[in-house]
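Throughout, protein chains are lettered first and strands after them, A, B, ... in sequence-line order, and every chain is numbered starting at 1.
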2 protein chains.
Amino acid sequence: MNPTIKDVAKKANVSIATVSRVLNNLQGYSEQTKAKVYRAIEEIGYQPNAIARGLINKKTQTIGVMFPTVSSLFSSEILHGVEDFAQDNGYSVMVCNTDSDGKRTLKYLQVLREKQVDGLIFSSEVLKEEYYQTLQQMRIPYVLVSTESGYDHVPYIKVNDFQAAYDAVEYLIRFGHRKIALLSGTKHDTIAGIPRIEGYKKALENHGIPINESYIAYGDFLFDVSYKAMEELLSRAPDITAIFAASDEMAIAAISVAAKYGIKVPDELSIIGYDDLKLAQMSVPPLTTVRQPLYDMGNLASQKLIHMIKTGKAESSCIVAHSIVERQTVRAISSHDKRDIHNPKT
Amino acid sequence: MNPTIKDVAKKANVSIATVSRVLNNLQGYSEQTKAKVYRAIEEIGYQPNAIARGLINKKTQTIGVMFPTVSSLFSSEILHGVEDFAQDNGYSVMVCNTDSDGKRTLKYLQVLREKQVDGLIFSSEVLKEEYYQTLQQMRIPYVLVSTESGYDHVPYIKVNDFQAAYDAVEYLIRFGHRKIALLSGTKHDTIAGIPRIEGYKKALENHGIPINESYIAYGDFLFDVSYKAMEELLSRAPDITAIFAASDEMAIAAISVAAKYGIKVPDELSIIGYDDLKLAQMSVPPLTTVRQPLYDMGNLASQKLIHMIKTGKAESSCIVAHSIVERQTVRAISSHDKRDIHNPKT
DNA sequence: CTGAAAGCGCTTACAG
DNA sequence: CTGAAAGCGCTTACAG
């Protein structure tokens, strides 16, 4: 149907080998034949078939990216970073939405393998043993973003979650807060759960503040569940003056709940989030948060992966810098807890 | 490197033709050889090569999706819908981020063509003449989401923007508002700009409310620019009591600006958005908005596209239903404009 | 029920 | 500088 290399060869009166040479900018043809070939290509509107090319080169110039939920601001910022670098370097990207479902993940890995992707980016999920095994069998390079693993030679790109959480809480402490709650993500999540909990506790401990387990509430990083967790937290510990939320969505949920109960942010309750999604700028008031450079992380992952594909060499992991973006949800605690006036429960 | 069909043929002591038959569930082999083949596959860990398959079948089982910005909640919800259906039906999806850049779009189309995608979903952008030409040359089916075109036989899936805008404004009118501003998207956007402006004007007109051009501000659908547009609008027309924003991001910007100037939403200013992104639930107060079922639209586009790929038949366009999701940013206007009290300018 | 052979659209030694 | 031929890993008539 579509014209092939044969058609242009015929049209230009040369062999397909020659057409292939000029197409690939190899050497071994005169300027004249080059011109002839290009003219033929032009005339019949020829486009090379990357599939045929891929079969013989054993390179498809495409990479796969796996996310637990593509439709989150979080994933899509990473994806954007991945995609930009990939496209600029001649790679296409296939997206896979695993829905945090183990079955789907394995099935995807299968598909990606059959489709012969040159490499893979694995994001935001724990690299389970079975995934690791499959990946090793695939014999293609891969890199982890916003997650890590205990396996050697598996490069990852992430923020130091422990330290970021520590810094967030210390930031709150510096503003005079001592009754600081934690709106945690999934309790047993070894990547984004536990390290942030530990960072929270360590900061408290280092500043001589006792840990109060009733100040810790567990959500799932997302809005709805966190909304409820926040309501419970508030009824259980109405005396808190600040909250560290382990994701921006959770922080926004906290703001929403506060608004619902007439608690003023930041006057009566300070809130600091985690991620710095676009969301954080849009909240009312704008959210103070720990920034993870998601776009950059995706971009870097893409860079490393493509470098590995091209050179075959291993790449090192990378802890990227987080930072605190100061907006308007944190303020110094006042001498008396203003909220007591409005909230007789405390 | 990886085992091929030849390896399993050798292992199972049959021809590659036979292996291919059992692999594809064709007929013409005994249960015995079937078992032998499967055993061999198992033993050597064979995985079919979809690239080789694609070359001969002229089907790659992959579709492309083009977005102006992948990293928006808007695009990613559509993407999620597209991806879910595609994966469940054996198709992979390649994402392309055009950054609203004509050059990139054309380049992508090229890439997608070379990679032999079976079909294409084109989202949120005007289908320019040159894109249309390229698409026609590619001879693959494609469908438009959240945009439309004047070309016949190019199926699109979208909401009726004019009607949706009309309904939003009428909703405001029903609550007693007459001084209704429009925070419009890009002025000359023929898809999401003009029709919504027209819907706004028509609703006003049908209710005998004169159109006041100073009540119309232009943003670009996104937060930052809209924030400024809202500030200008407010200083130019401080007497407005309600705003119809042509996107949720714009509505959120309006809420933010209102908060900045101490204008209470909805007490002093009602706001209705457009899209119903997850964002809308998270705002404070939760945003009343016109819902476009983005996930469903993506899913439907995927369905239609894959159906076209499989059957070769044309599909019809589809205007999906919008609806107004009532949350907390609109309320009936009070007898006297409360805001006058606080804002001596009016 | 099964296999030998041609062919998908390319690239790449090899020979001239 | 150029072409004939083999081959990438499959599928699919065709013949038996």
Checklist line | Residue pairs fulfilling side-chain hydrogen bond (donor to acceptor under 3.5 Å, both in side chains) with at least one residue in residues 48-59 of chain B, sequence neighbours excluded | finding: none
Notebook entry, point to check: Excluding sequence neighbours, so at least two apart, what forms side chain to side chain donor-acceptor pair (under 3.5 Å) with A:T190?
Noted result: none
Margin query: Students often mix this up, so state it plainly: with edges at 30° and 60°, are the rings of B:Y295 and B:H80 parallel, tilted or perpendicular?
Written below: perpendicular
Next item on the list: Output all residues satisfying side chain to side chain contact (heavy atoms under 4.5 Å, CB included) with B:F85, sequence neighbours left out; order by chain, then residue number.
Entry: B:N89, B:N299, B:S302, B:Q303, B:I306
Margin query: When you measure from the side-chain N and O atoms of A:S30 to the phosphate of D:dC1, is any distance below 4.0 Å, counting only OP1 and OP2?
Written below: no
Note to self: For a quick check, with a 4.0 angstrom heavy-atom cut-off, what is the B/S/- contact string for nucleotides 5-12 of chain D, read 5' to 3'?
What the structure shows: --BBBBBB
Next item on the list: Scan residues 109-131 of chain B for pairs that pass salt bridge (charged side-chain N to carboxylate O under 4.0 Å, His left out), counting only residues two or more places apart or in two chains.
Entry: none
Check: Quick one: stems for DNA chain C, with Watson-Crick or G-U pairs under 3.5 Å, at least three in a row?
Finding: C:1-3 with D:14-16, C:5-12 with D:5-12, C:14-16 with D:1-3
Note to self: Suppose we screen for side chain to side chain contact (heavy atoms under 4.5 Å, CB included). Which residues come up paired with B:Y38, at least two apart in sequence or across chains?
What the structure shows: B:V22, B:K34, B:I41
Margin query: Holding to side chain to side chain contact (heavy atoms under 4.5 Å, CB included), I want the full list of residues that pass it with A:R104, two or more places apart in sequence or in another chain.
Written below: A:D99, A:D101, A:Y108, B:E83, B:D84, B:Q87, B:D88
Notebook entry, point to check: When the distance from CD of B:Q27 to P of C:dT2 is rounded to whole Å, what number comes out?
Noted result: 13 Å
Next item on the list: Check side chain to side chain donor-acceptor pair (under 3.5 Å) between B:T4 and all other residues, then give those that pass, not counting sequence neighbours.
Entry: none
Notebook entry, point to check: In whole angstroms, how far is the P atom of C:dG3 from the NZ atom of B:K10?
Noted result: 15 Å
